[in-house]
Amino acid sequence: MRVCFFVTCLADQFFAEAAADAVRLLRALGVEVSFPRAQTCCGQPAFNAGHWDEARRMAAHTQDVFAGCEYVVLPSGSCTTMLRAYTPRLFEGDRHRYDAALDLAGRSYELVEFLVRVLNTESVGRGLTGRRLAYHHGCHVSRELGIKEEPVRLLEAAGAKVVPWEADQECCGFGGVFSVKNAPVSLAMADRKLDTLPEVDALTSADGACLLHLAGRAKKRGLAVPVRHVASLLWEAHRGG
Amino acid sequence: MAAKGYKAAARRTLEHAPEVREAVTRATLHFDRNRERAYGEVEAEAWRDWAAATKRHTLSRLDRYLLEAERNLTAPGTEVHWAEDAKDAQRILQELVERYGVRRVVKGKSMLSEELGVNEHLERLGVEVFETDLGEYIIQLAGEPPSHIVGPAIHKGLEEIRALFHERLGTPPDASPETLAAVARRVLREAFLTADMGISGANFVVAETGTVVLVENEGNIRLTTSTPRVHVVFVGIEKLLPRARDLEVFLQLLARAATGQKIGTFVSLINGPRREGEPDGPEHLHVIFVDNGRTSVLADREMHEALSCIRCGACLNACPVYRQTGGHAYGQVYSGPIGIVLTPGLKDPRLAEDLGYACSLCTACADVCPVRIPLPKQILTWRVRSTKHAPATERLAFEGYAEVMTRPRFYRLSSKLLRLTAPLTGAPWLPVLGAWAAGHGALEPSPKSFREIWEEELDGA
Ligand code: SF4
């Protein structure tokens with residue numbers, strides 16, 4: 001099976017090792033992975049901020065870059081949602097681009113979703129035995145794409161305990177431009193997540209931006225919250241057994 | 001938008017009144033959990049589909065249903081009035097106050113009356129007004145507007161209410177909630193018995209039968225609408241339902257969405273004023289249909305669904321942004337997701353430039369709305385419309401961002417620069433993250449970008 005890897009701009013810069021782990025894991029599972037070099041950003045930050053002309057330019061660029069790929073896999077829930085649910089909306093007045101958006105939507109998968117729904121992976125290995133984890137469900141991937149059980153299932157199959165967390169499906173407060181325009185509210189939302197977070201070995205998620213937001217806030221408050229991207233944990237699960 | 005609007009008010013609330021966040025979070029989580037359980041007991045998805053379709057249908061033939069409602073309201077002797085805006089509504093109310101020589105008014109909770117400034121107007125006319133919903137009574141004593149569609153006083157903790165009652169009604173400073181409620185009831189009972197006019201809103205008006213439908217839990221609305229000799233109903237033109245049998249689902253869905261109840265404790269179905277031989281009910285019933293911006297929302301192809309709203313408050317309860325501050329920070333009658341969507345349409349599109357960003361686009365509201373209003377989509381649409389007034393720095397930042405992101409070479413170069421300069425400047429070419437870093441301390445990029453790792457280690461491996 002051949003897959004184009006869309007690292008996404010945020011993971012490229014801030015979760016580079018986790019993104020590399022995603023590639024390593026896919027390859028270890030027998031997937032052929034390529035990396036189209038011209039890729040940049042899916043356009044989501046501009047889309048959510050309401051700057052749709054700019055978002056359109058980036059979305060069109062992304063369509064062109066991934067035009068020939070059978071599957072596109074992303075280590076980011078919210079960027080996957082951008083491709084799957086939001087980009088078509090940008091091109092409602094442009095038949096050609098709209099069709100291309102639907103076409104790309106049909107080929108794009110978030111990493112864990114790809115493992116579970118396309119590769120039918122039930123377990124990537126047992127290397128997380130005894131680990132206590134908290135899983136943050138990114139808003140878009142869980143509500144718009146309905147991916148909730150999959151990551152928890154894979155982590156538990158690896159021997160980890162995903163600890164109940166009353167706020168696990170609540171928004172972390174990042175929200176792109178929201179966190180800039182209404183920083184105090186955004187931080188209060190992060191606090192609600194952190195204040196309810198159970199004692200765990202790591203806080204994980206398929207969404208790097210949420211993790212950055214929560215980790216940044218935790219650091220500022222002097223809390224020790226170890227943060228791991230789910231791709232790194234799954235790679236670790238694989239390597240460790 | 002400096003020092004004004006939501007942005008500044010939200011900051012103030014979080015900094016100076018942290019107890020509000022606590023009270024609102026506790027109450028909304030409680031409501032939201034009850035709603036979730038109550039949805040789970042029925043075929044909620046199918047009910048919501050049906051309710052959404054019924055409302056959309058009604059709105060698409062609103063003129064017809066309004067005329068039908070007017071006919072059927074008038075038949076048993078109800079007088080129907082049409083108000084284009086708040087001034088118009090106030091004028092009609094003033095005529096009625098004068099016609100019936102009204103000195104004292106009891107009111108059931110009505111968000112529309114907040115929109116219209118009914119209480120202020122009555123006070124200007126020298127009429128005494130008593131809010132009779134307990135929560136609404138509390139905030140009337142405190143001189144505040146409601147902070148939630150369903151629970152107007154949810155931002156207030158017990159301590160604050162105790163202090164307020166102690167000061168205004170002379171209750172002991174440590175009175176129990178039961179004592180406080182009993183004292184309020186005593187004051188209000190006296191008001192019910194002496195008022196000349198009761199004012200209420202309406203949850204629904206059935207076109208087919210001309211029935212005004214009111215849902216509540218305290219019984220105060222039933223008293224408001226049946227004890228005084230005049231009853232005035234303010235109702236938005238969007239509140240119609242075509243047929244009486246539509247109530248079967250709507251009454252249950254409203255209660256489940258709002259509080260997780262199977263149905264409201266009191267449901268009043270009002271058909272006309274008191275008839276010959278009936279023991280209670282008002283001698284005169286007036287229904288005032290109010291537009292106040294609704295027809296412009298209806299004409300807005302991207303916003304009209306918002307008129308399906310049945311004011312259950314579920315979207316407020318589910319909203320993690322609302323939970324941090326409660327409704328006052330929005331500075332408008334309607335707060336939370338539906339407030340963001342409706343207010344600019346009802347009042348002034350430019351309000352979206354501030355309100356449109358009181359949202360993290362988490363989409364939790366869309367998941368709970370009983371009539372499936374696409375709230376996040378509409379909030380985003382307000383943002384898109386607002387960007388032409390966005391500050392130049394923001395516009396430039398996004399233009400520059402798009403420039404970088406559509407030129408792969410430029411992006412690669414920026415990526416290298418980030419690694420050299422990030423500790424000092426953050427990531428200025430990522431407009432969102434750059435500014436965001438200020439609230440979190442400097443962002444630390446990975447030591448090597450993925451691209452570098454790919455080139456050094458993964459490519460061809
Ligand atoms: S928008 Fe939907 S959820 Fe919000 S108050 Fe209206 S009906 Fe309820």
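Every chain is numbered from 1 and lettered A, B, ... according to where its sequence line falls, protein lines coming before strand lines.
With respect to chain A, the highest number of heavy-atom pairs below 4.5 Å among B/Pro408, B/Cys362, B/Pro447 belongs to B/Cys362. Between chain B and the options A/Met58, A/Arg56, A/Gln39, A/Arg24, the largest number of non-hydrogen pairs under 4.5 Å is found for A/Met58. In terms of heavy-atom pairs under 4.5 angstrom with chain A, the leader among B/Glu455, B/Arg11, B/Lys377 is B/Lys377.
The SG atoms of A/Cys4 and A/Cys69 lie less than 2.5 Å from each other.
When heavy atoms are compared at a cutoff of 4.5 Å, B/Ile379 does not approach chain A at all. Only the side chain of B/Arg412 comes within contact range of chain A, with heavy atoms under 4.5 Å apart. Within the 4.5 angstrom heavy-atom criterion, only side-chain atoms of B/Leu14, from C-beta onward, approach chain A. Proximity to chain B is limited to the side chain of A/Glu170, based on heavy atoms less than 4.5 angstrom apart. In this structure, the portion of A/Arg89 lying under 4.5 Å from any heavy atom of chain B is its side chain and not its backbone. Contact annotation for A/Val185: both backbone and side-chain heavy atoms come within less than 4.5 Å of a heavy atom of chain B. When heavy atoms are compared at a cutoff of 4.5 Å, B/Gln324 approaches chain A solely by way of its side chain, counted from C-beta outward.
Distance check, rounded to the nearest 0.5 Å: CZ of B/Arg451 to CG of B/Asp459 gives 12.0 Å.
In this structure, the side chains of B/Ile453 and A/Val23 stay at 4.5 Å or more apart for every pair of heavy atoms.
Ring orientation note: the planes of A/Phe66 and A/Phe6 are tilted relative to one another, at an angle of 30° to 60°. Using bins of under 30°, 30° to 60° and over 60° for the plane-to-plane angle, the ring pair A/Phe5/B/Phe450 lands in the tilted bin.
A/Arg217 places no side-chain N or O within donor-acceptor distance of the main-chain N or O of A/Asp191, the cut-off being under 3.5 Å.
Remark: A/Ala100 engages A/Gln63 in a side chain to side chain contact (heavy atoms under 4.5 Å, CB included) (not counting sequence neighbours). For A/Ser78, the side-chain hydrogen bond (donor to acceptor under 3.5 Å, both in side chains) partners two or more places apart in sequence, or in a different chain, are A/Gln44, A/Asp207.
With a 6.0 Å radius and a threshold of 12 heavy atoms from other residues, nucleotides or ligands, B/Glu452 has its CD atom above the threshold. Within a 6.0 Å radius of CD in B/Glu456, more than 12 heavy atoms belonging to other residues, nucleotides or ligands are found.
Residues of residues 138-146 of chain A lying under 4.5 angstrom from chain B, judged on non-hydrogen atoms, are A/Cys139, A/His140, A/Arg143, A/Glu144 in numerical order. Interface residues of residues 384-393 of chain B toward chain A, defined by a heavy-atom distance below 4.5 Å and sorted by number: B/Val384, B/Thr387, B/Ala390.
Look at A/Glu54 and B/Arg395 and you find no salt bridge, because none of the NZ, NE, NH1 or NH2 atoms lies under 4.0 Å from a carboxylate O. A salt bridge is defined here as a Lys NZ or Arg NE, NH1 or NH2 lying under 4.0 Å from an Asp or Glu carboxylate O, and B/Glu399 with A/Arg57 fails to meet this definition.
Residues B/Leu316 and B/Tyr322 approach most closely at O-CD2, 3.4 Å, considering heavy atoms.
Under a cutoff of 6.0 Å and an axis angle of 45°, A/Arg228 and A/Phe15 do not form a cation-pi pair.
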